[in-house]
2 protein chains.
Amino acid sequence: MFTTIHDVARIAGVGVGTVSRVINNSPGVRPSTREKVLSVIAELHYKPDPIARSMISKRTGAIGVIVPFFTRPFITEMLKGVESTLAHLEKELVIYNVENDSQRDRYFTELPMRRKVDGLLVISLPVADAVSSSFKDAGLQVVLVDAYSPYLTSVVVDNIQGAYEAVKYLLSLGHRRIGFINGIIEGNFKFNQANDRLIGFHRALGEAGLPFSPELVQTSAWDRDGGKAAAMQLLTLKKRPSAIFAASDMQAIGVIEAARMLHIDIPGELSVIGYDGIEISELLELTTMHQPTLQMGELGIARLIEQIEHPDQAPELIRFNATLIERRTTSPYSADKGTDAFDAIEAL
Amino acid sequence: MFTTIHDVARIAGVGVGTVSRVINNSPGVRPSTREKVLSVIAELHYKPDPIARSMISKRTGAIGVIVPFFTRPFITEMLKGVESTLAHLEKELVIYNVENDSQRDRYFTELPMRRKVDGLLVISLPVADAVSSSFKDAGLQVVLVDAYSPYLTSVVVDNIQGAYEAVKYLLSLGHRRIGFINGIIEGNFKFNQANDRLIGFHRALGEAGLPFSPELVQTSAWDRDGGKAAAMQLLTLKKRPSAIFAASDMQAIGVIEAARMLHIDIPGELSVIGYDGIEISELLELTTMHQPTLQMGELGIARLIEQIEHPDQAPELIRFNATLIERRTTSPYSADKGTDAFDAIEAL
DNA sequence: TTGTACGCGTTATCAA
DNA sequence: TTGATAACGCGTACAA
C-alpha cells in the first residue's frame, strides 16, 4: 500500500491516533469525527498494513500446520477440516510439509523462533518432550492431531482399539492366519500410531489364543507402493495368510494390487481390511477402520484458536474411536479356498 | 523472541549497525569483529525478528497459492510440485482455498491490499482483466497455472487438443455414440478448461462427420458424485452411449460407480476415458488423458519466483499437452454388446 | 571499519 | 475527545 495512516490523518484533518481509534473501533471518538475519518478512508482506499500492525501486536493472523506428506488422502481430509474453520476466521493457513526427519526437526526448532505464525497444529508427527518445552518457552501455542504428547493438548484416535477391532473382525470371519502390514515413516520417524496398531494386533491375536508368527508382520511406507511390496512378501509365503490387515487404506490398496498381480481373488482367497476410511476406499469397496479425520482436524484447530485466545490452558487428551466399515474385500474364511487351496497346489 | 539486535550489540560491545551487517553478510566488517558478534549471537540464540525485517524490506518470504478445493487429487498433485520447490527456497506456502465465487472474488480483491505474500500463484481459477490489472497496480507478482489471462504469465495444458485426442481415440475404437460429461464449478465459476474440452469434443465429432446429440452432453461438478449423477442420466437414456468421456478422472470414477449400479460392464458394454491422470487412475486401470500436473506446479512456482526477483517481465504463455494413457476401461466397440444389446432387451 | 540516528506504519500512552 | 510522541525491531545512510 502507498497510503498510510498519516495520509488519512492529514487529509481528514485529525491526528493519527484518532484514525487508529476509528480503525479499531475503539471508543472515545465523536461520531462526527468518526464519520469524517471513515469517509477519507473509503476515498483513499486505505487499508492498514498488516505487517506494521503485527509489529506491535506480535500477531500475524496466520496458523501453521506441520504435516508429513500433506498430499496424502488421509492428511488432506484432515486439512479440509482445518482449512474451513480457518477461512471462516479469516486466518491464513500456512503449510509446513515434512518428508524426512531432518526437515521435521529443523521446523520444530526454527518455528518457535521465527514468529511467523500465531499457533502451530502438528499433524501425525511425534513431538519429543524437549521440543514441546521449547514451544512453551517461546510462548508458541501448539495442538497435536493424530499425535500425542503429555505436555500438549492432543487429539488422537485410539489406535490400539482400532487395530484390535480390525483383527477381531477378521477373526470373527474365521481367519486364523492373519497378516499385518504396519506403517513406518521414511527416514526415522517413530510414529506411535504404528506401535499402537501393533499392540492392538497382538492383543486380538492373544485373546484368540493364536500364536504370533513374525513372518506375518511386515512394515512398509504408508503408501501404495509400500503396501504392495509388503503384500508381495506376505502373499508369496509358503503358507500365506488368508487375511491381511493394513495400517492404512493406501497400503491396503497396495495389497489389492499385489493380489491382482498374483491372481489371488479378493475376497474369495484373501480378505483385506484397511485403516483410515479415506474417500476412495468407498469406491474400491474396501473394508476398513474409519477414522473421523475431518472432525479431528476441525476440533484440533478449534482448540488451537481457543488456546491462542486464552493461553495457559492445561493440556488435554481428546480421544476418538475408529469404527469398522464392512465392505466387500472381506469374507468368511473357507477352508477349500485361499491358503488351503494354495497348499493343495503345493502338494502336487 | 526476547533478545533483540540491541542486546547482541551491547553484549558484543559493538553498535547495532555492525550486528546488522554481520547478520546480512554485508561487507565492511573486520573478521575479528564478525567472529565476536557471531559468537554472541550463537550464545544468545538470537534470531532476527522476521516481522521487523519485512517492515523494512517489504517482503514476507511467503508465497500465496489460491486454489479451488485444494484437497482434490488433481490439485494436490500440483501442490506437491509447488511445495517442494518452495521448501527448497525456504519460503512459506500459504493456502487460500476457495469453494465458491464470492470467496474467490474476495481473495482477489483483498490479497493485493494486505501484503502478506510476496507473490501469488493462481491455480485453476479464471482471473478477469480487471483483477489482473489490480494485481499490477498493487505490484503483486502473479502467475497462473491451469488458467489463462493475456496479462499474466500462464501455464496451461491444451485442453482442446486433450479432449480432441480423447474423443478421437474413442472414435478409433469404433464408438459412434459418445457421451461427454463436462465439468462445471459450484457457484458461478466459468472455467475455460470446460469450454475448451467441449470444443475439442465437438471438433473430433465434426471431423468424423458425426452429428451432435445434445442429450449426450452433461455438465456436472468436477467430482465423483457429479460424475455419477451425470452418468446415471447418460446411461438410462433410451439409446445410451457406448462410450463416455469425462472431463476429469474423479468424474470418470463416478461413471464407473454408476455403471456398476446399473450392471453395465466396463469395458465390455461401456468404454470410459477420464482426464487428469491422477494417481488413483492407475489402480483403477482407467484410460485417461494425463496432464503433467507436477511439472506445471513446479514450473509455475519457478516462474513466480523469477518474477519476484525480476519484476516487469512480459507475460508469457506456456503450454503443455495432455497425453493419452491407454488402460482397461476402454475397448473396441462391438455391435452385439452395449447399446444394441440394450436395444435388444428393450425390443422384447 | 564502525557507531549513531532515522525511518518503516502501527498502536498505546499521556497530556491537553 | 483529541493530538503528539514514544515504542516495536530492524536496515541503512551518514558521519566519524
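Naming: A, B, ... by sequence-line order, numbering from 1 per chain.
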**Study point:** B:T4 side chain, from C-beta outward: closest of C:dC8, D:dC10, D:dC8
**Key:**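 For the B:T4 side chain, the nearest candidate turns out to be D:dC10.
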
Review point. Nearest nucleotide by nearest heavy atom, which residue falls closer to the 5' end of DNA chain D, A:G17 or A:P31?
Key: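 Whichever sits nearer the 5' end wins; that is A:P31.
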
**Study point:** Distance-only donor-acceptor check, side chains B:S102 and B:N100, under 3.5 Å
**Key:**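 Their side chains do contain a donor-acceptor pair, which is all the 3.5 Å distance test asks for.
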
Phosphate oxygens OP1/OP2 of [N]: is one of them under 4.0 Å from a side-chain N or O of [X]?
X	N	result
A:R53	C:dT11	yes
A:T18	D:dT2	no
B:T33	C:dT2	yes
B:S20	D:dG11	yes

**Study point:** A:I23 CD1 to C:dA12 P, straight-line distance once rounded to whole Å
**Key:**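 Interatomic distance, CD1 of A:I23 to P of C:dA12: 12 Å.
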
Practice item. Remember a base hit wins even if backbone is also touched, and classify A:V16 as base, sugar-phosphate or nothing at under 4.0 Å, heavy atoms. Key: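 Base contact.
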
Point to revise | Heavy-atom donor-acceptor pair, B:Q103 side chain to B:E99 backbone, under 3.5 Å | key: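 Flag set: sc B:Q103 to bb B:E99 pair under 3.5 Å.
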
**Study point:** Inter- and intrachain pairs under side chain to side chain donor-acceptor pair (under 3.5 Å), touching residues 303-314 of chain B, at least two apart
**Key:**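 Only B:R303-B:E316 qualify under side chain to side chain donor-acceptor pair (under 3.5 Å).
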
Practice item. Verify the neighbour count for atom OH of A:Y151: are there more than 12 heavy atoms of other residues, nucleotides or ligands below 6.0 Å? Key: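 No, the 6.0 Å shell around OH holds no more than 12 heavy atoms from other groups.
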
Check your understanding: Is a donor-acceptor pair below 3.5 Å formed from side chain A:R21 to base D:dG3, judging by atom type as modelled?
Key ->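 When only heavy-atom distances are counted, A:R21 does reach the base of D:dG3 through a donor-acceptor pair under 3.5 Å.
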
